[in-house]
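Note sheet for the following structure.
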Number of protein chains: 2
Amino acid sequence: MTAVDNSVEHRPTLAAVAARAGVSASTASLAFSGTGPVSDATRERVLQAARELNYAGPDPRARSLRRGRSGIVGVVLEERVRDAFRDPIKIATLDGISEELGSIDAGLLVLTEVAGEAEGDEKNPVTLSDAPIDGAVLMGCSPRFEESIATLRARGVPVVAIEGNPGDDDIVMILQDNREATRRGAEHLKALGHTRVAIVALSLDRDHRRALVTPERIAAGTSATTLERLAGARDVFPDAPAYTGAGSYVEEGRLAALELLSGEASDRPTAIIAQSDLLAAGVIRAAEELGIAVPEQLSVIGFDGVKVDGLWPYDLTTLVQPAAEKGRAAGRAVKAMLAGNDVASRLFTAEFHEGNTTAPVPVVE
Amino acid sequence: MTAVDNSVEHRPTLAAVAARAGVSASTASLAFSGTGPVSDATRERVLQAARELNYAGPDPRARSLRRGRSGIVGVVLEERVRDAFRDPIKIATLDGISEELGSIDAGLLVLTEVAGEAEGDEKNPVTLSDAPIDGAVLMGCSPRFEESIATLRARGVPVVAIEGNPGDDDIVMILQDNREATRRGAEHLKALGHTRVAIVALSLDRDHRRALVTPERIAAGTSATTLERLAGARDVFPDAPAYTGAGSYVEEGRLAALELLSGEASDRPTAIIAQSDLLAAGVIRAAEELGIAVPEQLSVIGFDGVKVDGLWPYDLTTLVQPAAEKGRAAGRAVKAMLAGNDVASRLFTAEFHEGNTTAPVPVVE
DNA sequence: CTGAAAGCGCTTACAG
DNA sequence: CTGAAAGCGCTTACAG
């Protein structure tokens, strides 16, 4: 393999370009930024000089210092990249943010709250506390949430939180009607005659345990999203047993469903409310394995409205949350805050989608 | 919802902190950076003053200008965020990059080559040509590849390309033995007695067509990865028909396999080589639908070695590529280049994994 | 261990 | 339309 030379050459500066073009630095600057009035002839002379010197344009570092803006918005993930990006909702949200932040969808600095052993590390000084960001979007609530906000606040960086714990702070939030939406889904099941309903839940906290949900676990739960959706389901089915998966994955849904569907046909649930579409897909897989027909013998309902790849021929009954729109709203909120405007929090509504995975409760003969 | 006040306050400066602590700016700077020797008493005085003034630390923008480094590395995607992140290999690679770039896995600026209508846009000046990045990793080859490299080169930004077209430029590359690895997989099938083998391929170009592969399409193909894997399969099975999916998704694999498996049992393929694990998962789904048992009646082999969520009980026979390691290598390469070292390109090897989706060719009775 | 000075490369009022 | 000047906030040799 060829070794490539990467000696750091001396980059030319705007001053050098200006000198060669025979104009002042101010004029050269104007020629590049397109601000202020410059005669075509002069601009051309400057650009020509730049070409000759192989000058690629103003140094963004200097520009940010002078302008007091870097043009970069941080996206703070609560887990490492690999985990965060397995969640299609997070990706859709990220996509929405980037879309709003510039049609070139650029300028997103990915940061994580996974600090810890960062100390003895090499010098990568880009952390929440010293990244050159103009604003930040916090994705999801987490134990470090408060800390992150405090850090950012102290730096004067505007913050928007997506699905944080409401009332955490007087911070701009992008929220979701998790409880109400789940309740709507549950009512759909009720209307179909279901009474034996079980819940496959997301993680209640950072432990990511696979286990039955108990009142103790609920009391200790830290994930607002999980708790809200759980409450919504139990608004309609107060006694529905719930089992948490170790994450929002098909395989976790499958494992949870295998637990919940293990009983006799006569007393196993006739419907399962999953807290995400991926979990719901796993529930369907488990049902297939056990020879339980969906939706004839088991109704399944999800949450998210993402197209689960490979789920065909099922069209999942679910609550479609406007993930990309939430991202765009977050992006817009950051922009507005940067413009110095007051910004209000927003509550989004998930829409019920009736697919082909729910049906009337089977008649017992 | 409450509106939050975000008036941009006047942030204190290091100079203000120094003044309050009764020391020079130099000393205050030292107190924060931990470089140079400062007496404990002095440092404490500085930090105290900072606390009193609510100073959160040196401004990263000024620091980058002075140091000539921003601490940020750009990751250039060839498509928009939402598409790039549906590929588990890209995510694993990204994770490897971020891991290497700092254990806090921070400092990754996501950029895309999707320019186009960026002109009339609001001022988000963060593009490939003016992002404050110290280095860049190009993820995947693309038509704009050359252009991106040129832009970055002109700026003096060190570039590492993952799976670009080799020989594109004298650029540092992280490559993969796509052809040889696929050939190894094909030879495994041959050893099992298979002769009627078909290929489900990734996209050949940006068209993302679902169609049979023809010599013309190969000649016009721009995706090195697809072409290399195709060549590897045909090294062993020169006449194997190939069908391209519109992307690396389970559903695309399913559709392609439905085409390829449509014939009579007596002349349909007994084995399918898929160019990604997601495609392979789709092939398995299609086989299930058609009542073709895997691996008894159809052997399926993938590429990537990602755990496809929800594929249980299948353990896919595949070529495991070291995606995270490739990312780490890219990260390390960028770091080395920033340190002024010469860096060589690297070629990675995918390892054959024999799962339970391949078996001897069925006996025809 | 501490301070005075220079300067990173640009942009932006301000004059003309 | 163009230029001279100041300064964004910091860090880094260099002296002491």
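Letters go in sequence order (proteins before strands), and every chain restarts at 1.
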Next item on the list: Give DNA chain C the dot-bracket treatment, 5' to 3': Watson-Crick (N1-N3 with N6-O4 or O6-N4) or G-U (N1-O2, O6-N3) under 3.5 Å, [ ] crossing, | other strand.
Entry: |||.||||||||.|||
Next item on the list: Describe the nucleic acid contact of A:Y55 in one word from base, sugar-phosphate, nothing, applying a heavy-atom distance below 4.0 Å.
Entry: sugar-phosphate
Next item on the list: Give the ring-plane orientation class for B:F85 versus A:F85, where under 30° counts as parallel, over 60° as perpendicular and anything between as tilted.
Entry: parallel
Checklist line | 5'-most by nearest nucleotide on DNA chain C - B:A62 or B:S24 | finding: B:S24
Item checked: Student check: side-chain heavy atoms of B:T93 and B:V137 closer than 4.5 Å -> no
Check: 5'-most contact on DNA chain D: B:R61 or B:T27, nearest heavy atom basis?
Finding: B:R61
Next item on the list: Tell me, please, the opening and closing nucleotides of DNA chain D, 5' to 3', among those with an atom under 4.0 angstrom from a non-hydrogen atom of chain B.
Entry: D:dG9 to D:dT12
Check: What does B:S29 touch in the nucleic acid at a heavy-atom separation under 4.0 angstrom: a base, only the sugar-phosphate, or nothing?
Finding: base
Next item on the list: Give B:S64 one of three labels, base, sugar-phosphate or nothing, depending on what nucleic acid heavy atoms sit under 4.0 Å from its own.
Entry: nothing
Note to self: Does A:P58 reach a base, just sugar-phosphate, or nothing at all? Heavy atoms under 4.0 Å.
What the structure shows: sugar-phosphate
Next item on the list: Answer yes when B:R332 and B:E325 have at least one side-chain N-carboxylate O distance shorter than 4.0 Å, and no when they do not.
Entry: yes
Next item on the list: Give every residue pair that meets the salt bridge (charged side-chain N to carboxylate O under 4.0 Å, His left out) criterion with at least one member in residues 19-45 of chain B, sequence neighbours excluded.
Entry: B:R20-B:E52, B:E44-B:R51
Check: What nucleic acid atoms does A:S26 come within less than 4.0 Å of, heavy atoms only: base, sugar-phosphate, or nothing?
Finding: base
Next item on the list: Could you pick out which residue, A:A25 or A:P37, lies toward the 5' side of DNA chain D when each is mapped onto its nearest nucleotide?
Entry: A:P37
Note to self: Side chains of A:I171 and A:R153, heavy atoms from C-beta outward: is any pair under 4.5 Å?
What the structure shows: yes
Next item on the list: Check whether any side-chain heavy atom of B:I72 lies under 4.5 Å from a side-chain heavy atom of A:P132, and answer yes or no.
Entry: yes
Checklist line | salt_bridge(A:D59, A:R66) N-O dist < 4.0 Å | finding: no
Next item on the list: Please name the pair of heavy atoms, one in A:I133 and one in A:V73, separated by the smallest distance, quoted to 0.1 Å.
Entry: CG2-C, 4.1 Å
